[in-house]
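Shown next, in structure tokens, is the structure this report addresses.
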Amino acid sequence: MVTPENLSGDTGGRTEPLRFDQDASATAVDMDTAIVLLGAGVTAITHPLLYVKLLIQIGHEPLTPTVGVTMFGRKVFYLPGFFSYAQHIVRVDGKMGLFRGLSPRIMSSAISTMVRSKVKEAIPAEQAEHVSNRDDLKTSLRKVMKETSHEMVIQCLSRIATHPFHVISVRCMAQFVGREDKYRGLFGCITRIFNDEGVGGFFVGVVPHVLGEVIFLWCCNLLAHFINTYAVDDNVSTFSQAPAVRSYTKFVMGIAVSVLTYPFMLVADLMAVNNCGLVAGLPPNSPIFKSWLHCWALLSHEGHLFRGSSFFYRRVPVTGMALTEE
């Protein structure tokens, strides 16, 4: 017989899993919120560094080089480093000028976190991995490729979703060169780009950006796997701290590979400014590139594929005649 007590008891028994699911969902939301806030904080702190880097990438050098001497006694011209460049921006725009273009970057960081979370829910890593891990320390190459493919899908979708905000941020910062006010406010920038260039304007430079991140991901993971598997041997006394060494391998490989893939990021940033109506993206400050491949070829020919990769030790590419005259 069904009584009110039995009914309430059955209902109570069914609500416990529901309550557990709700708690788990709330925990996941709180975690995502914390990650978004943390990402926003890190983005704000590091923004002046990336701002200076972008201005160097697009070739804006407002400060006069200084003559210096190398350790071999050879005279060279040195361009100002990050702190001198940042001080120049403060003199022109004030301290808040160091945060030009910050809001679209924060929006990009938040969207990236949400996209990653949703993609991981839709395509869990457990479903992408079907190979048993026989050795917790030395995973199989097939397993690494499965995991990297899963990471690649997440990274590509995240980059495509956030690239429009990257374009907006780059153009806002590039306005410093010509002292323009064309791109102002997030919604104003969206309207401006859509009216001038259509939907395609939001994705200029997305191809080299995605390619660079995919190459970085595969090289970093595969190199770390091969080093951990074949170079770090548990049986050798030298590697008594093998687990600790393996934990840092991927980090070190990431730094090394990021140097090699830097030209992709440079080309992506230059294409975001290219021929958009700003002084920074037009002659004589910058040639008009037909495509990102044309941009790459021209930078390679001029020896500028790594322009902006250094902040504190920058030398001007000058000829011996220029040095003699100086």
Side-chain angles (χ1 to χ4, degrees), residues 35 39 42 50 53 57 108-109 111-167 203-233 242-272 291-293 295-297 299-300 305-309:
I35 294 175
V42 173
L50 296 179
K53 177 181 179 179
Q57 285 180 329
S108 174
S109 175
I111 293 177
S112 176
T113 300
M114 291 186 290
V115 169
R116 287 174 176 276
S117 177
K118 295 301 181 182
V119 173
K120 287 180 181 179
E121 291 178 4
I123 313 175
E126 291 78 11
Q127 294 183 8
E129 172 54 44
H130 299 288
V131 181
S132 60
N133 188 359
R134 300 178 180 179
D135 188 346
D136 292 336
L137 297 178
K138 299 177 181 179
T139 59
S140 67
L141 178 60
R142 185 180 175 187
K143 179 177 183 295
V144 172
M145 294 181 68
K146 287 280 187 179
E147 293 175 347
T148 305
S149 298
H150 182 252
E151 294 179 30
M152 181 183 67
V153 172
I154 297 175
Q155 185 66 25
C156 289
L157 293 177
S158 173
R159 171 52 56 194
I160 293 173
T162 59
H163 192 76
F165 297 95
H166 175 76
V167 173
F203 295 96
V204 288
V206 68
V207 174
H209 216 158
V210 171
L211 279 177
E213 293 186 352
V214 169
I215 293 174
F216 169 84
L217 184 62
W218 278 98
C219 290
C220 182
N221 287 1
L222 290 177
L223 286 174
H225 166 72
F226 287 126
I227 291 175
N228 287 338
T229 302
Y230 301 108
V232 182
D233 193 346
V245 173
R246 288 194 179 93
S247 64
Y248 290 103
T249 301
K250 193 170 183 178
F251 173 75
V252 175
M253 288 299 99
I255 296 176
V257 175
S258 64
V259 175
L260 299 177
T261 57
Y262 176 82
F264 289 95
M265 307 300 111
L266 172 61
V267 171
D269 290 342
L270 291 180
M271 291 304 297
S291 66
W292 73 270
L293 292 174
C295 177
W296 182 294
L299 290 174
S300 177
L305 274 178
F306 292 90
R307 184 172 63 194
S309 59

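Positions are given from 1, in the same order as the sequence printed here. Atom set for the values below is all heavy atoms of this structure, side chains included, hydrogens, waters and symmetry mates excluded.
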> In chain order, what residues pass the side-chain contact (heavy atoms from CB on, under 4.5 Å) check against Val153, with sequence neighbours excluded?
Replying inline: Ile123, Leu157
> Which atoms form the tightest heavy-atom contact between Arg116 and Ser158, and what is the distance?
Replying inline: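 Heavy-atom minimum between the residues: NE-OG, 3.9 Å.
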>> Within this structure, what is the CG-OG distance for the pair Leu293 and Ser300, rounded to the nearest 0.5 Å?
In response: 12.0 Å
> Does Ser149 reach the main-chain N or O of Met145 with its side chain, forming a donor-acceptor pair under 3.5 Å?
Replying inline: yes
Which donor-acceptor pairs under 3.5 Å do the side chains of residues 258-272 make with protein atoms, sequence neighbours left out?
from: Ser258; atom 1: OG; to: Gly254; atom 2: O; distance (Å): 3.2
from: Ser258; atom 1: OG; to: Ile255; atom 2: O; distance (Å): 2.6
from: Thr261; atom 1: OG1; to: Val257; atom 2: O; distance (Å): 3.1
from: Thr261; atom 1: OG1; to: Ser258; atom 2: O; distance (Å): 3.4
from: Tyr262; atom 1: OH; to: Gln57; atom 2: NE2; distance (Å): 3.0
from: Tyr262; atom 1: OH; to: Arg307; atom 2: O; distance (Å): 2.6
from: Tyr262; atom 1: OH; to: Gly308; atom 2: O; distance (Å): 3.4
from: Tyr262; atom 1: OH; to: Ser309; atom 2: N; distance (Å): 3.3
from: Asp269; atom 1: OD1; to: His166; atom 2: NE2; distance (Å): 2.8

Side-chain donor-acceptor pairs of residues 203-221 under 3.5 Å, sequence neighbours excluded:
from: Glu213; atom 1: OE1; to: Gln155; atom 2: NE2; distance (Å): 2.6
from: Glu213; atom 1: OE2; to: Arg159; atom 2: NE; distance (Å): 3.2
from: Glu213; atom 1: OE2; to: Arg159; atom 2: NH2; distance (Å): 3.0
from: Asn221; atom 1: OD1; to: Lys250; atom 2: NZ; distance (Å): 3.1
from: Asn221; atom 1: ND2; to: Thr148; atom 2: OG1; distance (Å): 3.0

